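The structure under discussion appears below in the form of structure tokens.
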There are 2 protein chains.
Amino acid sequence: MAPIINGRILFNEIPKEYPEPGKTVVYDASEKIDPDTVPLNGGFLLKTVDVSIDPYMRGRMRDPGITSYVPAFQIGKPIDGYVIAKVIRSENPEVKAGDHLFGGLPYQHYTLLKDFGDLRVIENKENLAWFTYLGVLGMPGKTAYMAWKEYSQAKKGETVFVSAGAGPLVIQLTKMDGLRTIGTAGSKEKLKFLEEIGTDISFNYKDGDISKILRDQGGIDIYWDNVGGDLLDKALEASKLYGRFIECGMISGYNTGYNKPILNLFQIFSRSLTMHGFIVNRLEPKYNDEFYKVMPPLVATGKIRHKEDVTRGVEKVEGWNNGKAVVHVADD
Amino acid sequence: MAPIINGRILFNEIPKEYPEPGKTVVYDASEKIDPDTVPLNGGFLLKTVDVSIDPYMRGRMRDPGITSYVPAFQIGKPIDGYVIAKVIRSENPEVKAGDHLFGGLPYQHYTLLKDFGDLRVIENKENLAWFTYLGVLGMPGKTAYMAWKEYSQAKKGETVFVSAGAGPLVIQLTKMDGLRTIGTAGSKEKLKFLEEIGTDISFNYKDGDISKILRDQGGIDIYWDNVGGDLLDKALEASKLYGRFIECGMISGYNTGYNKPILNLFQIFSRSLTMHGFIVNRLEPKYNDEFYKVMPPLVATGKIRHKEDVTRGVEKVEGWNNGKAVVHVADD
């Protein structure tokens with residue numbers, strides 16, 4: 001095979017507020033690679049199958065002088081994130097051609113690696129579409145599964161409120177545990193899905209009187225927070241005694257900052273609440289094996305339902321939409 | 001004895017921001033009682049020895065239509081709170097004349113009760129001044145002891161930051177557990193006491209660059225929060241991974257509201273923090289017996305040092321100062 005373009009998604013500019021398509025990240029076609037002949041030097045060559053676009057990545061588009069839980073993207077270098085990649089050739093005894101790997105990799109067509117590192121071979125006995133391992137069986141799925149197990153202290157019959165975003169799996173876990181579940185989303189289509197998966201009360205946060213809805217439901221025992229800001233404030237207002245707040249993220253502040261007061265923050269002591277913040281990587285060592293054993297069969301048999309937003313073509317990453325999405329880069 | 005005045009402290013007016021001496025609560029001399037002859041009807045008569053004035057009481061000076069963790073004070077009725085009272089006469093077999101009781105009682109010279117309820121007989125084998133049982137051995141002491149035990153997960157060598165207020169006992173507990181302790185207070189006298197009890201780093205929060213001080217100390221593992229607001233924000237900024245935040249109170253908002261944004265709230269998930277809010281009453285069933293067994297000897301032998309701000313005369317309650325204080329009402 002003659003050398004082909006190794007298309008890459010480069011970090012181009014730190015956004016001030018919202019990322020801008022074609023400015024913040026850009027598709028670059030300047031590098032070439034010959035997958036058949038490129039020397040491996042004891043390593044292995046990966047072909048990218050699917051890449052994941054996630055809200056947390058906004059936090060990486062920052063001045064590298066600011067430290068945070070994930071490193072900043074570097075200007076002029078490919079962005080990286082959760083990827084499913086197929087091994088094309090290998091001189092590393094830990095992997096063989098044909099293996100599919102999950103892990104943090106650069107967003108480019110071909111990647112040459114020396115060490116296996118934190119990557120994981122995905123067996124996929126259930127023969128699910130590979131992008132499933134970036135969604136309900138990827139980072140978003142792990143986030144829901146692991147944090148719900150670790151922090152919810154759920155008791156049957158309790159009421160849980162799940163805010164938009166990674167909601168669907170969390171909601172199904174709450175229903176499996178016998179809770180009464182209030183869910184919210186921002187579109188009719190998402191709300192329909194929430195109803196299909198058994199959400200007891202669902203409403204559009206854009207036009208509901210959230211305080212009243214939560215009050216009418218008698219308050220909440222658990223709040224799963226992806227949003228922060230005003231929704232967190234209203235969940236604090238509606239919390240029952242000993243409520244648990246699972247702080248998964250605060251997407252409302254990712255682009256424009258955390259500059260709104262949370263008027264009900266005092267409920268933390270007033271109602272003896274506990275707030276658990278987490279980053280899923282830190283829970284993975286404890287739960288990864290359990291997750292990959294328990295979840296794929298539930299997805300394969302339809303006991304856990306899911307929807308991934310899949311787009312084709314690595315250059316589509318440029319058109320960042322700030323929601324969770326999978327970009328299908330190459331057929332398997 | 002002829003009837004004497006049963007002086008009472010009445011709740012007179014809901015304050016808008018800070019309580020005002022002589023307006024918010026007023027001393028009332030309109031009621032009389034004859035302690036020798038008042039019929040007990042199977043109950044018992046108490047003489048108030050000491051009453052406690054605490055920051056949480058500000059939250060009770062509100063519209064009774066607003067529910068909270070403690071009931072609102074009622075206009076025209078005596079305020080109530082933590083009291084040490086002596087039994088003068090009794091027809092209730094649970095208590096006898098001469099017993100000293102601790103518990104929630106109205107702020108008046110004499111109180112006639114039928115049921116023993118949640119009161120507790122204080123043995124005081126160590127013969128400590130009774131007001132000690134409203135300070136380091138009362139609600140503030142229980143707050144420090146019980147929440148530190150329940151939530152700190154302290155490990156020797158960790159760094160803890162204790163904000164102003166009920167600090168001294170918390171600080172001594174942190175030192176007993178082998179932690180490095182940063183303390184802050186708002187006056188020279190208080191800072192001197194913090195140093196005397198072994199605080200490793202102490203500074204005045206009114207003129208220190210708090211962010212810099214906490215950063216220079218390498219960040220914090222535990223934050224004991226009595227203050228909320230800006231100090232909470234800076235503690236979040238300085239927190240290490242897996243930090244624990246013990247939310248005891250947010251005094252900065254008691255009078256003027258919680259209307260400042262907490263810019264570092266996102267650190268809750270970014271650094272996998274846990275926040276535990278609590279009200280001490282809810283920990284008492286678990287820890288009360290242990291507390292009354294362990295703490296009085298430590299205080300009596302000087303292993304735990306303390307300072308109570310004691311004023312004489314029940315009418316002094318009127319001159320509310322919004323800090324913790326004990327008012328000595330009558331000699332034993």
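So that the names make sense, note that chain A is the first sequence line, chain B the second, and so on, each numbered from 1. Note that this is a predicted model, so its numbers are computed, not measured.
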Practice task
Count the heavy atoms belonging to other residues, nucleotides or ligands that lie under 6.0 Å from CG of B:Asp63, then report whether that count exceeds 12.
Solution key: yes

Problem - Atom NZ of B:Lys240 with >12 non-hydrogen neighbours under 6.0 angstrom - result: yes

Exercise for the section: Look at atom NZ of B:Lys155 and say whether more than 12 heavy atoms of other residues, nucleotides or ligands are closer to it than 6.0 Å. Expected result: yes

Exercise for the section: Check each of B:Asn226, B:Asp225, B:Ile279, B:Ile246 against A:Phe269 using the side-chain contact (heavy atoms from CB on, under 4.5 Å) test, and report the only one that passes. Expected result: B:Ile279

Handout entry: Single hit among B:Thr274, B:Ile268, B:Leu265 for side-chain contact (heavy atoms from CB on, under 4.5 Å) with A:Glu247
Key = B:Ile268

Problem - Distance, nearest 0.5 Å, that separates CZ of B:Phe278 from OG of A:Ser270 - result: 12.5 Å

Completion exercise
Rounded to the nearest 0.5 angstrom, the CZ-OH distance for A:Arg282 and B:Tyr242 is 5.5 Å

Exercise for the section: Answer yes or no: does atom NZ of B:Lys190 have more than 12 heavy-atom neighbours from other residues, nucleotides or ligands under 6.0 Å? Expected result: no

Practice task
Measure A:Leu263 against the heavy atoms of chain B and call it side chain, backbone, both or neither at under 4.5 Å.
Solution key: both

Handout entry: Under 4.5 Å from any heavy atom of chain A - which part of B:Leu283
Key = neither

